[in-house]
Q: 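Before we start, here is the structure in question, set down as structure tokens.
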Amino acid sequence: MERQYRLKKNRAFQYVYRRGHSAACRDLVMLFARGRELKVGFSVSKKVGNAVIRNKVKRRLRECFRPYLGDVKTGLYVIVARPSAAKATFQSLQKDVRYLLKKQDALKEGNRAE
RNA sequence: CGAGGUGAACAGGCGAUCGCGUGGCUUCGGAAGAGCCAUGAGGAAAGUCCGGGCACCGCAGAGCAAGGGUGCCGGCUAACGGCCGGCGGAGGCGACUCCAGGGAGAGUGCAACAGAAAUAAACCGCCCGGAUCCCCAGCGGGAGCCAGGUAAGGAUGGAAAGGCGAGGCAAGAGCUCACCCGCGGGACUGGUAACUUUUCCGCGCUGUAAACCCCACCCGGUGCAAGAUGCAGGAGGUACGUCGGCUGCUCGUCGCAAUCCUCCGGGAUCGCUGGAGCCAUCCGGUAACGGAUGGCCUGGAUAGAUGAUCGCCCAGAACAGAACCCGGCUUAUGGUCACGCUCGCAUU
RNA sequence: GUGGGUAUAGCGUAGUUGGUUAACGCGUCAGAUUGUGGCUCUGAAGAUCGUGGGUUCGAGUCCCACUACUCACC
């Protein structure tokens with residue numbers, strides 16, 4: 001997942017928290033605010049685990065989101081990991097991401113990745 | 001075989017597909033993009049407990065105070081509160097391990113409860129003497145009182161004025177003597193030294209300095225969000241003093257203004273990784289370590305790069321992620337190996 | 001990155017220069033009162049003083065290391 005698609009500044013995160021719509025499941029929360037460019041940010045707090053665990057969760061989430069980059073409506077996404085995400089497998093995270101994208105109605109019509 | 005002790009290296013490997021950071025090359029007028037190649041977390045990267053480098057501030061620089069730290073000896077080191085080797089003490093049957101280990105003979109404080117008494121002592125007891133009273137024919141005996149002597153004995157306590165024996169005494173006492181114990185000093189043996197061997201003299205002194213303190217030595221402050229250079233912007237200030245110049249005081253010194261000063265906050269580039277570096281051999285040293293020669297280049301991100309899936313080996317395996325960089329310490333943690341190390345059991 | 005603070009009964013807090021039994025309130029339990037409950041009164045239980053070492057005769061207190069939580073600044 002390339003850097004140009006990444007959400008970086010704290011202000012951008014604050015914007016999404018204020019304006020975005022949220023959808024949640026057991027391990028994840030997804031916020032989405034429509035916009036012109038496509039950027040994705042990940043938020044993993046210290047409650048999830050130590051630095052190694054947090055990095056691993058972020059990597060997995062990035063890998064989960066990568067296949068949908070071309071198939072998703074433009075805007076700012078923030079994915080928040082809950083503490084239970086540390087124990088989740090890659091497959092279950094991937095299922096959760098797809099479920100949340102559908103719930104947000106963010107997938108482009110007729111171009112769904114299966 | 002079991003239970004230990006010490007030390008050492010390693011930190012899953014290989015292959016396939018997709019994906020990421022950095023550097024180089026090619027494509028291209030250039031950028032973007034694409035392709036290829038190389039490379040890409042640790043022994044603790046952690047905790048932030050110490051020591052430095054580096055940067056800025058103070059800055060010709062200096063002194064004092066305050067505060068903090070260290071504390072057997074010698075060596076190593078850039079330095080250290082670290083390491084190595086000794087000494088002393090403590091623990092363990094032993095291999096071996098652990099120790100903030102200067103000064104209580106400079107002063108102050110504290111030592112609850114118990115106990116007669118807690119750093120110094122006469123409550124009981126023991127003993128001499130005095131007057132009074134009682135018993136007795138008398139010798140004499142007894143009772144409490146007064147004034148002294150005495151630390152041998154007395155339920156305590158962590159600690160009770162060295163221990164034991166003999167002499168001595170009215171009763172006693174290192175009061176005296178022999179032996180032993182401890183402390184201080186001198187000489188001597190060995191050692192660079194801490195210390196130690198032997199001996200002589202003096203003394204018998206409570207413990208606590210991780211209580212205040214004394215002595216010796218060390219420490220200026222702030223930290224890469226340091227700081228430097230560009231870009232764009234906002235707010236405020238007003239003249240020799242009662243100003244300002246990152247800690248207190250004293251000296252010293254500098255500045256005196258709008259093209260300046262102070263403050264605020266946004267973004268970019270640099271700082272940014274080749275270094276007290278790593279590996280091998282030889283030499284010196286008990287060792288820590290040092291020297292010589294040869295070889296190697298080995299992360300540099302900036303919401304933060306190592307992942308996902310599968311196969312084989314295999315017991316699917318712990319603690320855990322660089323953020324300026326090094327040297328230590330401490331803590332967390334997986335299995336492996338070595339020992340001409342120890343103890344126990346069994347067999348020969 | 002740097003520098004502080006806190007940890008004591010189920011909960012919230014005391015604990016003064018080390019000294020015997022760690023105090024208080026709420027809560028809990030038992031009893032009394034009441035026809036029953038509450039209020040009230042009486043009594044009781046409940047603490048590895050965050051963990052592990054050390055100094056000391058003696059540690060909640062002093063020293064060291066660690067753990068968790070929390071605050072401040074840039």
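First the proteins, then the strands, lettered A, B, ... as listed; each starts at 1. The shown structure was predicted, so the numbers you read here are calculated from the model rather than taken from an experiment.
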Q: What's the base orientation of B/G5: syn (chi within 90° of 0) or anti?
A: anti
Q: Roughly, in whole Å, what's the span from CG in A/Asn55 to P in B/A45?
A: 18 Å
Q: Identify the nucleotide, in any strand shown, that forms a Watson-Crick or G-U wobble pair with C/U42, with both distances under 3.5 Å; if there is none, say none.
A: C/A30
Q: Quick one: look up who B/A55 pairs with, Watson-Crick or G-U, both distances under 3.5 Å, and put none if it's unpaired.
A: B/U222
Q: Rounded to the nearest 0.5 Å, what's the gap from OG1 on A/Thr74 to CZ on A/Arg34? Could you check?
A: 8.0 Å
Q: Considering only atom C1', compute the distance from B/A151 to B/A121 and round it to an integer number of Å.
A: 10 Å
Q: Considering heavy-atom distances to RNA chain B, does A/Ser43 or A/Ile53 have its closest nucleotide positioned more toward the 5' end?
A: A/Ser43
Q: Checking base pairs now: Watson-Crick or wobble, both atom distances under 3.5 Å. What partners B/U206?
A: B/A111
Q: Can you tell me the base-pairing partner of B/C18? Count Watson-Crick or G-U wobble geometry only, both distances below 3.5 Å, and say none if there is no partner.
A: B/G307
Q: Between B/G275 and B/A55, how many Å separate the two P atoms, rounded to a whole number?
A: 13 Å
Q: Testing the basics here: between A/Ala88 and A/Asp27, what is the closest heavy-atom pair and its distance to 0.1 Å?
A: CB-OD2, 3.5 Å
Q: Any idea which heavy atoms bring A/Val29 and A/Ala24 closest together, and the distance?
A: CG2-CB, 4.1 Å
Q: Taking atom CZ of A/Phe32 and atom CG of A/Leu100, what is their separation to the nearest 0.5 Å?
A: 13.0 Å
Q: If you take all heavy atoms of A/Lys58 and A/Val44, which pair is closest and at what distance?
A: CG-CG2, 3.5 Å
Q: Run the salt-bridge test on A/Arg66 and A/Glu63 with the 4.0 Å N-O cut-off and return the result as yes or no.
A: yes
Q: Say we look at B/C72 and B/A104: how far apart would their P atoms be, to the nearest angstrom?
A: 16 Å
Q: What N/O pairs connect the protein and nucleotides 307-310 of chain B at under 3.5 Å? Give each pair on its own line.
A:
{"unit_1": "B/A308", "atom_1": "OP1", "unit_2": "A/Arg60", "atom_2": "NE", "d": "3.3"}
{"unit_1": "B/A308", "atom_1": "OP1", "unit_2": "A/Arg60", "atom_2": "NH2", "d": "3.3"}
{"unit_1": "B/U309", "atom_1": "OP1", "unit_2": "A/Gln91", "atom_2": "NE2", "d": "3.4"}

Q: How should the glycosidic conformation of B/U298 be described, syn or anti, under the criterion that syn lies within 90° of 0?
A: syn
Q: Who does B/C93 pair with, Watson-Crick or G-U, both distances under 3.5 Å?
A: none
Q: Is there a Watson-Crick or G-U wobble partner for B/U192 with both distances under 3.5 Å, and if so, which one is it?
A: none
Q: Using purine N1 to pyrimidine N3 plus N6-O4 or O6-N4 for Watson-Crick, or N1-O2 and O6-N3 for G-U wobble, each under 3.5 Å, what pairs with B/G63?
A: B/C249
Q: What is the distance from atom CD of A/Gln91 to atom SG of A/Cys64, rounded to the nearest 0.5 Å?
A: 9.0 Å
Q: Just name whichever nucleotide pairs with B/U77, Watson-Crick or G-U, keeping both distances under 3.5 Å, else none.
A: none
Q: What's the gap between B/A194 and B/C339 when it is taken at their P atoms, as a whole Å value?
A: 43 Å
